[in-house]
Engineer: 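Got a structure for you, questions after.
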2 protein chains.
Amino acid sequence: MSSEKITVNSKTSQALSGGSKRSRAKLDKKNAIMQAALELFSRHGVKGTRVEKIAALAKVSKTNLLYYFNSKEQLYIDVMQRLLQVWLAPLASFNEEQDAIETINDYIRVKLELSRDHPAESRLFCMEMLHGAPLLEDQLKSPLKELVDSKAAVINAWIAAGKLAPVDPYHLIFTIWSTTQHYADFRVQIESITSKNLDDPAFFENTLSNLQSIILQGVRPN
Amino acid sequence: MSSEKITVNSKTSQALSGGSKRSRAKLDKKNAIMQAALELFSRHGVKGTRVEKIAALAKVSKTNLLYYFNSKEQLYIDVMQRLLQVWLAPLASFNEEQDAIETINDYIRVKLELSRDHPAESRLFCMEMLHGAPLLEDQLKSPLKELVDSKAAVINAWIAAGKLAPVDPYHLIFTIWSTTQHYADFRVQIESITSKNLDDPAFFENTLSNLQSIILQGVRPN
DNA sequence: CACATTTCAGACCAAATGGTAAAAAACCAT
DNA sequence: ATGGTTTTTTACCATTTGGTCTGAAATGTG
């Protein structure tokens, strides 16, 4: 009860007086905690992560963490909430007026950059999916479907205009999602097999051009 | 100690007298437990799964489960062990003498069938990857790399013979893995967006032909 | 600078849960 | 049947761990 009120108050004060010394430190700390939580949740799952470990990684005490977030579950929800914003943004750039091939190439690049720069987000999203995405039911169901539907319409328009080969837009989107995210989620496997990782710029470019080539041209000769 | 001996004895008796009433029931029970464990582990992770729940799903008592498997961790290891055999088998069919296009098409189909028929296996494998695959370090590192290396050589031979467009074989394999497994691991998302699932034969064939088309021909027109 | 308010850390608690001990039941060969 | 072996159950324990309580320290303000 009381702690809930505190959380509400803190958010309000942040929103109102964004620059005070206190609320600044508070915000920094919350961010540090969420970052640490994201890292650990995405590796070990929510159940597999001890609050103590998150606190240690964020360099705060366990009690202090619980002061900012009412419970581990609440922290998880907050982390997922923020994650979704980052995660669903890139797709919005699909636009009928743009060049089809270029847009797809760019999208593949952006998604692969996300895998390189935000692997924890990718893993956590993936893990939530494996769990059956219980708490994304509302978040995802309606808004995501509408977003994808609208982008599928764009792709269909490209196809109708002869800019793309006939393909089911949904499967194309799934293909781009899966191939790019794979490099974050299955990183250990990929490193084990190739002895490289996406942080190596050469490997990144090589990966990118191969994915673009496969998705655009395919592997059939000629 | 003593329980370990029991396990060894039981395995021996199974191997020697495969048909006795007891060892038969025992084997059935172990299978039921492993199946239940696979299902729950793949959804909630090892930490997120209570032994009691596994037992309930397998219709045995918790203690009885612990009688067959020394610990939850041991059960997990056994489940992963069995899973790996199923999981890595299909790749072995790649063969230089076979037709390149046909082999790849077949492989995509087999992998997609696995996603349809063994989604729990796919999820558990995926989850283990997200965790950093700690216990696959030895299981996977060397054998898998060698297997993939040898198949990459086959693909390179196909390319040299003009049967395939020039592509990095590793990225091609990763692409096939990621796209097909995606339909098991992100099932909820895919169902949410398309309102279909792989168990629908029409959707399965549609998915299959789209994946084959993208990977072989790409989406660039003409 | 003194007082009120916010923030923190260490001790502590209680529930959840993996695992054990020992007895009871089921089973099988002789 | 019966003696011994294997499987199952009942009762229980010990640890882990999310979360709270309390007193102290830091902080901001009139």
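Letters A, B, ... are given to chains in the order of the sequence lines, protein chains preceding strands, and every chain is numbered from 1.
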Engineer: Atom OH of B:Tyr67 to atom C1' of D:dT5: distance rounded to whole Å?
Structural biologist: 9 Å
Engineer: Grab the OH-P distance between B:Tyr76 and C:dG19 for me, whole Å please.
Structural biologist: 15 Å
Engineer: If a protein heavy atom is under 4.0 Å from the base, mark B; if only from the sugar-phosphate, S; if neither, -; do that for nucleotides 13-20 of chain D going 5' to 3'.
Structural biologist: ----SBBB
Engineer: Does a side chain donor of either B:Gln74 or B:Asp78 reach within less than 3.5 Å of an acceptor in the other side chain?
Structural biologist: yes
Engineer: How close or far is atom P of C:dA9 from atom NZ of A:Lys59, stated in whole angstroms?
Structural biologist: 14 Å
Engineer: For the pair A:Tyr76 and A:Phe41, name the ring-plane relationship: parallel under 30°, tilted 30 to 60°, perpendicular over 60°.
Structural biologist: perpendicular
Engineer: Quickly work out the B:Phe69 CZ to C:dT20 C1' distance and round it to whole Å.
Structural biologist: 19 Å
Engineer: Mark yes or no: A:Lys111 above the aromatic ring of A:Tyr183, with NZ or CZ under 6.0 Å from the six-membered ring centre and no more than 45 degrees from the axis.
Structural biologist: no
Engineer: B:Leu65 CG to D:dT10 P: how many Å, rounded?
Structural biologist: 16 Å
Engineer: Using a 4.0 Å heavy-atom cut-off across all strands, classify B:Asn64 as base, sugar-phosphate, or nothing.
Structural biologist: base
Engineer: Check the angle between the aromatic planes of B:His182 and B:Phe186 and answer parallel, tilted or perpendicular using the 30° and 60° thresholds.
Structural biologist: parallel
Engineer: Expressed in angstrom and rounded to an integer, what is the separation of B:Tyr68 atom OH from C:dT20 atom C1'?
Structural biologist: 18 Å
Engineer: Parallel, tilted or perpendicular: which fits the ring planes of B:His171 and A:Phe203, with parallel below 30° and perpendicular above 60°?
Structural biologist: tilted
Engineer: Before you tell me yes or no, could you show the steps for A:Arg123 and A:Glu39 under salt bridge (Lys or Arg N to Asp or Glu O under 4.0 Å), namely the whole-Å CA-CA distance, both residues' side-chain angles and the distance that decides it to 0.1 Å?
Structural biologist: CA-CA 9 Å; A:Arg123 287 196 307 265; A:Glu39 201 61 45; 3.3 Å; yes
